[in-house]
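A short write-up of the structure that comes next.
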Amino acid sequence: MKYDFTKIEQYWQKRWEAEKPFSALNGDNKPKAYILVEFPYPSGIGLHIGHPRPYTAMDIVSRKRRMQGYNVLYPIGFDAFGLPTENYAIQKKIHPAEVTRENIAKFTSQLKMLGYSFDWDRCVDTTDPTYYKWTQWIFIKLFEHNLAYKALIPVNWCTSCKCVLANEEVVDGVCERCGSEVVRREKSQWMLRITKYAERLADDLDTVDYIERVKIQQRHWIGRSVGAEVNFKTTTGDTIRIFTTRQDTLYGATYMVISPEHPLLAKWKPKNADEIKTYQEIASKKSDFERTELVKEKTGVRIIGINAINPVTNKEIPIFISDYVLASYGTGAIMAVPGHDARDWEFAKKYDLPIVEVVSGGNVEKEAYTECDTGIMVNSDLINELSVEDAKIKITKWLIENNLGEEKVNYKLRDWVFSRQRYWGEPIPIVDCEKCGFVVLPESELPLILPDVKNYETTETGESPLASMTGWLKTTCPKCGGPATRETDTMPQWAGSSWYFLRYADPHNDKALASKKALDYWTPVDWYNGGMEHTTLHLLYSRFWHKFLYDIGVVPTSEPYSKRTSHGMILGEDGQKMSKSRGNVVNPDDIVAEYGADTLRLYIMFIGDFEKTAPWSQQAVKGCKRFLDRVWGLACNKIIDENENNKSALNNVSQSHEVIINKTIKKVSSDIENLKFNTAIATLMSLVNDFYTPPPSRNDIKMLLTLLSPFAPHIAEELWKIQEFDGYASEQEWPDYDESKTVDSQIEMAVQVLGKLRSTINIPLDSDDETIIETAKNDSKIARYIEGKEITRTIIVKNKLINFIIK
RNA sequence: GCCGCUGUGGUGGAAUAGGUAGACACAAGGGACUUAAAAUCCCUCGGGAGCAAUCCUGUGCCGGUUCAAGUCCGGCCAGCGGUACCA
């Protein structure tokens, strides 16, 4: 019988569709396992070959969990708001909702074609009003808790998308999406106060099981630094407040630098006001990118006629403005310690400013001495001869006592720009009332439906297309009933994805984003796998929202995900990133048509280390197909056992294969947990190779199909049926193994002389040292090496190796 | 620059915790079957020497620790990812 994968796969997919064996049950008595993958953006191109990698991996985990007796929630949905759809809609003059519907239909059929055990009844779509009602509801709650505010801020403006971008969406000075130039513009934007959660977002990483590089990257992004704020008086009587992490070096502060945007500059009338103004203008025209990238040598202008006073030395020191000091970090002003900061040192050399050594150990004439572990304080009255660490404590205390400063923690993390001047996003449910200011809509008016517009394009002024709809725009204030205008900006794509995993718990609820009971049962997510590229965006944003929802009593845990893992990218056959222009794109449809879904699932897992990038190989796909052909060949006819009584105690497998079967169960079980899908499959291949001689028994085949079913569910189920085993392969209990049966009774040991492999011996398992030594010495090859030599030492590693040291 | 990861056959990749390097595949070569091809099955497959038994050599480079190093330590080099004047 031929392995007709197309027929088999369609047959089982239809049955799964009708019988829904993978539905999750809210409140079941079994232990729960919530396994999550990042839901896709349904682009017009269809499923990318990269999608099946994480989806198959977590499908394997989900299927294994069910077999282990868990009530498994493995859901899927669509993150469907966003620019590509909108741009496509503009180009083709089709409503984005229509485009989205088509794309979701295509993705759905492609995902079903791969045989994933998703609970399709829980599928969510972020553009569905019954879904985004709750996205809007969360925004309202954020606003009510003073975590959403509108501010005039310099924003990243994409010249092509005509849209504000979050800092995270600007890559190398260009738009992450379209690659066009990004410039700075002042605009009034909705912002979310993620910075208020910075400390908890950083600290609580200690409480979750994320792979280390994700934690490191998030911590780095949040960028916590502990230091002090210190007041410097100026000769004008004003105070400049600075932030530093090196309070200990205060005596070495020989000048100050403030950012070109510093508010005091508007007040002051320095002698060289014109020069300063010119510098400010040049700086304001530069984009952030130019400011950071182009400037190798620091530039600056001294403010002539105004000096600051170092609070510990009481000496007058000059003040500069320079664009290397950022208005957006710390206080927008620094004290400069050229002896112990590389940038300050360079700047001091350029402008011929004094360099004072305050930590001994380096040579500040030659370069800045920045190491602070071992140095001792010098030239610092109050703190001389102290270690850097002690000096910090003492000087901070002194600053506080004299009302000159305080301890302070700063974060690199900035507030989240939440406005987009675009059509295809969730409308922000807020009105601007002439009398009351910003007023949120009452819950009864949610969802605020995205109205139909004729033209989806942004206006030339950069306003959202919604701004030109006067009928929609003009409304009444829910509070006072007076005239009000609606907010025309929409939310960014990150909004809907910041809480979607909560909706899966109770996707059809129209009273709440999900019921308390459902959330109590399913959350937190037990295992979340996704791409590294979402570490500082989606993953951080959703942790922030979750913590907020926890604070207002909506969710039961302060962290959304217990465990986070990450997969590597699939590259094209040429080792380059897949792209249409390179012509190296692999379409999953083609692979399924030619080899079947089970082969694709197997290959995408066998391709290499799950966590690393891997190049696609069309040739290597065949190897996985051949493996399934061999499995088919072994079991496509009903097997009748000749010697039924030759059985192993556990699992009833044949004695002739019991060792390799126990070994395989052990290896496959642990490999799945450790994301080592490639070696799990290699082990299954070895098992099948072993099944050629002697032939396997019925129970051997049963065990193979059980272990194979999470990886290649269709063929496993079909062969299960052919063999007339009870029930379904996917419903079997995940097998146990007998540790004592995972090793052969007769083993091969390496024999070394002076650490070099010279021979191997066959010897019973767990032989005593004496037997090993005797057997090894009697080995003809070894005898040659040790003859007439004195053995000074013998090293034995049990069941592995023996090493003779001779003289 | 800083942080993180990686470097193993012609290729993708294996190698618990320092203990037989190259599992499992792909490609290649040889053979069987076939009128032929495809498919399938069997054999070879890091490099070098040798008829052979066997020996030497080999995990990016240079050193070190150890009976024993792909694995540990020190110093480099290369590639990938993140971040970038963060005070």
Side-chain angles (χ1 to χ4, degrees), chain A residues 171-172 211-221 223-225 227 242-246 249 257 259 288-289 291-293 295-296 298 322-326 328-337 341-344 346-347 410-414 532-533 535-536 568-569 571 575 602-603 606-609 611-624 626-627 629-630 633 667 670 674 676 678-689 692 748-760 780-781 784 792-806:
Chain A
V171 178
D172 292 337
I211 48 171
E212 206 50 36
R213 56 199 169 118
V214 168
K215 287 193 186 185
I216 290 168
Q217 222 167 288
Q218 282 210 354
R219 281 205 188 94
H220 189 166
W221 189 263
R224 176 189 163 97
S225 50
I242 61 104
F243 173 71
T244 181
T245 56
R246 297 296 306 273
T249 62
V257 186
S259 73
D288 265 347
F289 183 62
R291 260 170 90 152
T292 57
E293 191 68 8
V295 182
K296 285 274 176 273
K298 312 284 172 259
S322 175
D323 62 7
Y324 86 80
V325 173
L326 307 175
S328 53
Y329 183 77
T331 59
I334 62 159
M335 66 173 194
V337 184
D341 179 282
R343 268 170 313 161
D344 296 347
E346 252 179 72
F347 196 86
N410 253 314
Y411 297 91
K412 286 187 208 173
L413 187 70
R414 318 254 183 98
M532 278 308 283
E533 71 275 19
T535 302
T536 51
M569 219 192 326
L571 303 175
L602 223 42
Y603 176 62
F606 188 63
I607 195 166
D609 187 333
E611 302 194 73
K612 295 196 193 114
T613 54
W616 181 266
S617 163
Q618 196 68 34
Q619 284 290 353
V621 178
K622 287 183 191 162
C624 290
R626 274 180 211 152
F627 166 66
D629 283 335
R630 283 201 292 273
K667 179 84 175 138
S670 65
N674 297 318
K676 302 274 181 205
N678 52 340
T679 48
I681 291 167
T683 308
L684 289 169
M685 287 172 169
S686 293
L687 180 68
V688 167
N689 292 343
Y692 278 84
E748 191 187 55
M749 267 182 81
V751 186
Q752 297 183 336
V753 178
L754 284 170
K756 284 199 171 176
L757 181 72
R758 293 302 176 186
S759 186
T760 56
S780 59
K781 289 178 205 162
R784 276 213 319 268
T792 55
R793 219 177 132 189
T794 307
I795 294 138
I796 294 171
V797 183
K798 209 182 168 200
N799 294 328
K800 283 255 156 124
L801 146 159
I802 174 166
N803 188 6
F804 291 114
I805 310 306
I806 54 168

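On a predicted model such as this, the values are computed, not experimentally measured, just so you know. The sequence lines fix the lettering, A, B, ..., with proteins before strands; numbering per chain opens at 1.
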Check your understanding: What is the nucleic acid contact for A:Asn678, judged by heavy atoms within less than 4.0 Å: base, sugar-phosphate only, or nothing?
Key -> sugar-phosphate
Practice item. Please determine, for the side chain of A:Leu757, which listed nucleotide (B:U20, B:G82, B:A27) has the closest atom? Key: B:U20
Study note, to complete from the structure: Side-chain atoms of A:Leu326 come closest, of B:C85, B:C24, B:U20, to B:C85
Study note, to complete from the structure: Against the side chain of A:Arg630, the closest entry in B:A25, B:G13, B:A14 is B:A25
Review point. Under a 3.5 Å cut-off on both pairing distances, which runs of 3 or more consecutive Watson-Crick or G-U pairs involve RNA chain B?
Key: B:1-7 with B:77-83, B:10-12 with B:24-26, B:28-32 with B:40-44, B:46-49 with B:54-57, B:60-64 with B:72-76
Check your understanding: Could a donor-acceptor pair under 3.5 angstrom be found where the side chain of A:Glu748 meets the base of B:U20?
Key -> yes
Under 3.5 Å, which N/O atoms of the protein pair with N/O atoms of nucleotides 29-31 of chain B?
none

Check your understanding: NA contact type, A:Asp609, heavy-atom cut-off 4.0 Å: base, sugar-phosphate, or nothing?
Key -> sugar-phosphate
Exercise for review: Classify the nucleic acid contact of A:Ser328 as base, sugar-phosphate or nothing, counting any heavy atom under 4.0 Å across all strands shown.
Suggested key: nothing
Review point. Ignoring hydrogens and angles, are the base of B:C5 and the side chain of A:Lys612 linked by a donor-acceptor pair under 3.5 Å?
Key: no
Point to revise | Aromatic contact, A:Phe627 with A:Phe606 (centres under 6.0 Å) | key: no
Practice item. Identify whether any heavy atom of A:Asn689 sits under 4.0 Å from a base atom; if not, whether one sits that close to sugar-phosphate; answer base, sugar-phosphate or nothing. Key: sugar-phosphate
Check your understanding: Counting side-chain heavy atoms from C-beta on, which of B:C24, B:A14, B:C85 comes nearest to A:Thr679?
Key -> B:A14
Point to revise | Residue A:Pro615, side-chain heavy atoms: nucleotide from B:U40, B:G19, B:G12 that is nearest | key: B:G12
Practice item. Tell me which nucleotide among B:C55, B:A27, B:U83 gets nearest to the side chain of A:His220. Key: B:U83
Point to revise | Results of ring pair (Phe, Tyr, Trp, His ring centres under 6.0 Å) for A:Tyr329 - residues two or more places apart only | key: none
Review point. Picking from B:C86, B:U20, B:A25, which would you name as closest to the side chain of A:Lys412?
Key: B:C86
Check your understanding: Which one, B:U54, B:A87, B:C24, comes nearest to the side chain of A:Val325?
Key -> B:A87
Exercise for review: Give the nucleotide from the list B:A23, B:U40, B:A87 with an atom nearest to the side chain of A:Ala682.
Suggested key: B:A23
Exercise for review: Have a look at A:Thr760 and say if it touches a base, only the backbone sugar-phosphate, or nothing, with a 4.0 Å heavy-atom cut-off.
Suggested key: base
Study note, to complete from the structure: Quick note, A:Val797 side chain, CB onward, closest among B:G19, B:C26, B:A87 is B:G19
Practice item. Report which part of the nucleic acid A:Phe606 touches: base, sugar-phosphate, or nothing (heavy-atom distance under 4.0 Å, all strands). Key: base
